[in-house]
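One structure below.
Note on naming: letters A, B, ... go to the chains in the order of the sequence lines (proteins, then strands), and numbering restarts at 1 for each one.
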Protein chains: 2
Amino acid sequence: MAEAKAFHAHDHTGCRGAALAHAEAVARDKGLRFTPVRRRALEILLEEHRALGAYDVLERLSADGFGAQPPVAYRALEFLVEHGFAHRIRRLNAFTACAHPGDAHAPAFFICESCDSVAEAPAEPVLTALRKEAAHIGFTVSRMNIEAVGTCPACAAGSPA
Amino acid sequence: MAEAKAFHAHDHTGCRGAALAHAEAVARDKGLRFTPVRRRALEILLEEHRALGAYDVLERLSADGFGAQPPVAYRALEFLVEHGFAHRIRRLNAFTACAHPGDAHAPAFFICESCDSVAEAPAEPVLTALRKEAAHIGFTVSRMNIEAVGTCPACAAGSPA
DNA sequence: CATCTCTTGTTATGTTATTACATTTCTATT
DNA sequence: AATAGAAATGTAATAACATAACAAGAGATG
């Protein structure tokens, strides 16, 4: 099973390249247009293992010569989220690159309240439990978000990121 | 086990009264000040089985003679959430009265994308599954929100609320 | 009744997100 | 290659959500 990498040292440059390559491959397969803004937006998210606000992304995009108005960022981010290349963290009003591209998707997010890092972990058992509750009340789930706030291992150990 | 009532006919006046009575009792026990604004804010939330935005609540509060500025609503709502009398639905930027006051709290929310109703269901199994994932990556969970978007039974049956 | 704390009210501002519309770019088809 | 339709982008304007900072009032405690 894939681990939540954000809390551990890893080949960061590699994970960036892989995510981009994956997005490109998926786009080709599905006939999506992985345009420059969209690509750049994903790169921006991949540059950090924390969630970025739409306006943070916008700032960087416009610094790179793209439009400077909010919809530029929101549209690019919406595209990334819609196709599973990124996720939206409601609790933070922010976005983060998908850490497990290609996996079946029912991710849970673990947000450290001390250092703001965000880890994404696959959460099939959580999803299963939730679907069961839903079935119980006759509700059909189409999307969901599962977000936990707490303390990451590094901060618990006294060495905040 | 308690059911998600929002999707079924029930004694609505009764559930309102019970929730208020419960809040009063808890406040007495814990020495909280269940002041007029706070009480009225809870009543307002109880008047609907859907989530209300802070500004919706504010509008009603100020119509009742309370202050007309955002902090009035945000503070009252914060109090209610902090003490478990209400919940915040991040996905909707909105608040809803707690449907299971007194129960141990790890609620999941089911949001109907067709009629905007929100059901709250106890979700201990979900919580358990999530804690297990968290333990796996060394993360300590302090709070969480679990929100599912989909279709409620009534809307699925073609009779949106 | 003096004081301390909590709560409320208000002003001002900060942050996040969307609507609407003009323009350009891409794609498919001729 | 020309062109019509669809998708994407850029921009302006504004809507919706949320908080900081401070003054004034209400309740508890000694």
Side-chain angles (χ1 to χ4, degrees), chain A residues 23-24 27-42 44-45 50-83 85-96 116 145 147, chain B residues 23 27-42 44-45 50-83 85-96 111 113 116 145 147 149:
Chain A
E24 258 155 24
R28 249 192 324 272
D29 282 8
K30 296 207 239 166
L32 306 175
R33 290 168 60 183
F34 194 48
T35 62
V37 226
R38 291 168 175 177
R39 186 193 165 88
R40 185 70 194 111
L42 181 53
I44 288 167
L45 292 181
R50 62 188 187 89
L52 291 179
Y55 282 75
D56 294 329
V57 173
L58 176 59
E59 199 177 310
R60 290 160 162 85
L61 284 176
S62 71
D64 290 346
F66 295 102
Q69 306 305 318
V72 170
Y74 281 99
R75 285 194 288 231
L77 292 166
E78 180 183 44
F79 170 89
L80 296 175
V81 169
E82 188 178 346
H83 296 98
F85 306 141
H87 299 287
R88 185 170 194 161
I89 315 287
R90 317 292 315 201
R91 183 122 203 163
L92 301 176
N93 295 321
F95 300 81
T96 187
D116 283 331
N145 32 348
E147 301 171 6
Chain B
R28 249 193 324 273
D29 283 7
K30 296 207 237 167
L32 307 174
R33 290 167 63 182
F34 194 47
T35 62
V37 225
R38 291 168 176 177
R39 185 194 166 89
R40 185 71 195 109
L42 180 54
I44 288 166
L45 292 181
R50 61 188 188 89
L52 291 179
Y55 280 72
D56 293 329
V57 173
L58 176 59
E59 199 177 310
R60 290 161 163 87
L61 283 176
S62 72
D64 290 348
F66 296 101
Q69 306 306 318
V72 170
Y74 281 100
R75 285 195 288 232
L77 292 166
E78 181 183 44
F79 171 89
L80 297 175
V81 169
E82 189 179 345
H83 297 97
F85 306 140
H87 298 287
R88 184 171 195 158
I89 314 288
R90 318 292 313 204
R91 182 125 202 160
L92 302 175
N93 296 322
F95 299 82
T96 187
I111 305 162
E113 51 197 338
D116 282 332
N145 43 321
E147 301 171 6
V149 176

inquiry  = Minimum heavy-atom separation for A/Ala94 and A/Ala51, please, with both atom names.
reply    = CB-CB, 3.5 Å

task = Would you mind reading off the distance between A/Leu77 atom CG and C/dT18 atom P, rounded to a whole angstrom?
result = 11 Å

key: Under 3.5 Å donor-acceptor, B/Asp56 side chain and B/Gly53 backbone   = yes

ask   = Under 4.0 Å between a Lys/Arg side-chain N and an Asp/Glu carboxylate O for B/Asp116 and B/Arg50?
value = no

Rounded distance in Å - CG (A/Leu52) to P (C/dA17) = 13 Å

note = Reading nucleotides 8-18 of chain D from 5' to 3' and marking B where a protein heavy atom lies under 4.0 Å of the base, S where only the sugar-phosphate is that close, and - otherwise, the string is SBBBB----BB

request  = Would you verify whether the NZ or CZ of A/Arg88 falls within 45 degrees of the ring axis of A/Phe95 while also being under 6.0 Å from that six-membered ring's centre?
outcome  = no

key: B/Glu147 (side chain) donor-acceptor with B/Arg91 (main chain) under 3.5 angstrom   = yes

ask   = Nearest-Å distance, CZ (B/Arg91) to P (C/dT16)?
value = 18 Å

task = For B/Glu113 and B/Val149, indicate whether the former's side chain and the latter's backbone hold a donor-acceptor pair under 3.5 Å.
result = no

remark   = Whole-Å distance, B/Glu78 CD to C/dT8 P, equals 12 Å

